[in-house]
Amino acid sequence: CWTMPKQKTLTKSEALAKLMKYCAYQDRCHREVRTKLLSLEIYGDELEEIMAQLIQENFLNEERFARSFARGKFRNKGWGRMKIKRELTSRDISDYCIRKGMGEIEDEEYLQKLRTILEKKSVALEEKNLFEKKQKLVNFALRRGFESEHIWKILDELIPRS
């Protein structure tokens with residue numbers, strides 16, 4: 001019977017070096033780093049000491065993570081504030097850090113992004129019935145995490161009520 005070779009256990013300094021590289025590559029939240037350490041079979045006090053050192057040396061910073069996450073998901077993926085907040089909350093990010101992350105998104109840029117997304121989607125939809133077309137656009141933007149009051153305001157400008 002063939003078995004997987006036993007993975008050699010990392011020393012604390014090897015694990016720390018590996019996690020420094022992991023955090024330097026891209027901002028991480030505490031939960032991602034804790035999960036990574038557990039996958040490397042680092043537990044207990046050793047895990048906590050590595051986490052503390054990563055925080056102390058600024059490899060791990062939840063506020064910075066929340067800010068870059070919000071910026072990236074908004075600018076690159078076109079996510080709305082509600083979806084970004086939901087994702088940050090699911091990663092156990094504090095309300096303070098979530099507020100800081102949301103501060104990265106300017107209101108004017110936010111509304112412009114929503115307008116662009118709705119215009120692009122409107123052109124792609126082949127729906128003839130204006131009511132149904134608007135409903136599809138609203139649902140699309142809601143799934144993206146935008147607030148309904150912003151969606152309706154912009155849609156009323158794009159597709160005036162007859």
Side-chain angles (χ1 to χ4, degrees), residues 1-118 120-121 124 135-152 154:
C1 163
W2 189 84
T3 58
M4 290 285 292
K6 180 84 174 108
Q7 181 181 351
K8 101 173 177 69
T9 311
L10 297 175
T11 66
K12 183 179 166 191
S13 60
E14 289 171 333
L16 179 63
K18 195 172 197 122
L19 268 291
M20 284 176 164
K21 211 182 243 184
Y22 181 68
C23 293
Y25 175 72
Q26 162 185 325
D27 279 325
R28 311 282 181 179
C29 67
H30 290 198
R31 188 180 309 114
E32 286 173 313
V33 172
R34 187 173 296 278
T35 301
K36 181 74 170 171
L37 282 165
L38 292 171
S39 77
L40 295 171
E41 298 183 4
I42 308 289
Y43 308 104
D45 289 344
E46 221 172 63
L47 181 145
E48 296 305 328
E49 288 166 15
I50 291 172
M51 292 285 292
Q53 193 166 351
L54 289 169
I55 292 167
Q56 188 180 345
E57 295 183 24
N58 209 21
F59 279 95
L60 194 53
N61 180 322
E62 286 226 313
E63 183 180 328
R64 187 179 62 217
F65 169 79
R67 286 174 182 266
S68 68
F69 183 89
R71 257 192 328 269
K73 295 302 181 190
F74 171 67
R75 295 209 175 104
N76 302 331
K77 296 252 190 215
W79 287 9
R81 288 186 177 122
M82 290 168 39
K83 186 169 184 174
I84 294 169
K85 274 184 192 167
R86 193 170 46 247
E87 285 296 317
L88 287 171
T89 302
S90 77
R91 287 171 166 76
D92 301 324
I93 305 298
S94 71
D95 289 341
Y96 170 81
C97 290
I98 290 174
R99 280 194 304 280
K100 290 295 186 181
M102 292 298 109
E104 293 291 305
I105 303 169
E106 299 292 329
D107 288 342
E108 198 173 305
E109 187 183 2
Y110 187 73
L111 293 174
Q112 187 52 52
K113 173 72 93 178
L114 175 57
R115 176 182 295 283
T116 305
I117 287 169
L118 287 171
K120 192 174 174 186
K121 184 67 173 175
Q135 198 55 57
K136 286 181 179 184
L137 289 168
V138 167
N139 290 336
F140 173 74
L142 284 172
R143 281 193 305 276
R144 278 279 186 69
F146 288 92
E147 301 84 344
S148 60
E149 62 271 14
H150 295 314
I151 298 167
W152 282 109
I154 290 173

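Just so you know, these numbers use all the heavy atoms, side chains as well, and skip hydrogens, waters and symmetry mates.
How far SG of Cys23 is from CG of Leu54: 5.0 Å, rounded to the nearest 0.5 Å. For the atom pair Leu16 CG and Ile42 CD1, the distance stands at 10.0 Å (nearest 0.5 Å).
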For residues 65-73, run the donor-acceptor check on the side chains, cut-off 3.5 Å, and write out each pair with its distance to 0.1 Å, sequence neighbours left out.
unit_1: Arg67; atom_1: NE; unit_2: Glu63; atom_2: OE2; d: 3.2
unit_1: Arg67; atom_1: NH1; unit_2: Glu104; atom_2: OE2; d: 2.6
unit_1: Arg67; atom_1: NH2; unit_2: Glu63; atom_2: OE2; d: 3.1
unit_1: Ser68; atom_1: OG; unit_2: Asp27; atom_2: OD2; d: 3.0
unit_1: Ser68; atom_1: OG; unit_2: Arg64; atom_2: O; d: 3.3
unit_1: Ser68; atom_1: OG; unit_2: Phe65; atom_2: O; d: 3.3
unit_1: Arg71; atom_1: NH1; unit_2: Glu104; atom_2: OE1; d: 2.6

Under 3.5 Å, side-chain donor or acceptor atoms of residues 74-84 against the rest of the protein: list the pairs with distances, not counting sequence neighbours.
unit_1: Arg75; atom_1: NE; unit_2: Glu109; atom_2: OE2; d: 2.8
unit_1: Arg75; atom_1: NH2; unit_2: Glu109; atom_2: OE1; d: 3.2
unit_1: Arg81; atom_1: NH2; unit_2: Ile105; atom_2: O; d: 3.1
unit_1: Arg81; atom_1: NH2; unit_2: Asp107; atom_2: OD1; d: 2.8

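A side-chain N or O of Glu57 and one of Gln53 form a donor-acceptor pair less than 3.5 Å apart.
Annotation for Glu108: atom CD does not count as buried by contact number, only 12 or fewer foreign heavy atoms lying within 6.0 Å. Within a 6.0 Å sphere centred on CG of Asp45, other residues, nucleotides and ligands contribute 12 heavy atoms or fewer. No more than 12 heavy atoms of other residues, nucleotides or ligands shown are found within 6.0 angstrom of NZ on Lys85.
Not a single donor-acceptor pair under 3.5 Å links the side chain of Glu46 to the backbone N or O of Tyr43.
Applying the salt bridge (charged side-chain N to carboxylate O under 4.0 Å, His left out) criterion to Lys18, with sequence neighbours excluded, gives no partner residue. Take Arg31 and apply the salt bridge (charged side-chain N to carboxylate O under 4.0 Å, His left out) test, not counting sequence neighbours, and it matches Asp92. Residues passing the salt bridge (charged side-chain N to carboxylate O under 4.0 Å, His left out) test with Asp95: none are found, sequence neighbours excluded. Considering only residues two or more places apart in sequence or on other chains, Arg34 meets the salt bridge (charged side-chain N to carboxylate O under 4.0 Å, His left out) condition with Glu48.
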Practice problem: Start with the C-alpha gap between Leu47 and Leu38, add the side-chain angles, then the distance that decides, and say whether side chain to side chain contact (heavy atoms under 4.5 Å, CB included) holds. | Solution: CA-CA 8 Å; Leu47 181 145; Leu38 292 171; 3.7 Å; yes
Practice problem: Check the pair Leu88, Met102 against side chain to side chain contact (heavy atoms under 4.5 Å, CB included), reporting the backbone distance first and the verdict last. | Solution: CA-CA 10 Å; Leu88 287 171; Met102 292 298 109; 4.3 Å; yes
Exercise. For side chain to side chain contact (heavy atoms under 4.5 Å, CB included), just list the numbers for Ser94 and Glu62, CA-CA rounded to whole Å, side-chain angles, deciding distance to a tenth of an Å, and then say yes or no.
Key: CA-CA 8 Å; Ser94 71; Glu62 286 226 313; 5.5 Å; no
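Tyr110 and Phe146 have their aromatic ring centers within a separation under 6.0 angstrom.
In this structure, the side chains of Val138 and Ser148 stay at 4.5 Å or more apart for every pair of heavy atoms. Taking the side chain as every heavy atom from C-beta outward, Leu19 and Leu40 approach each other to under 4.5 Å.
Here Lys36 does not pair with Glu32 in a salt bridge; the nearest charged N to carboxylate O distance is not below 4.0 Å.
The only member of Ile117, Asn139, Leu114, Leu137 that meets side-chain contact (heavy atoms from CB on, under 4.5 Å) when paired with Ile151 is Leu114.
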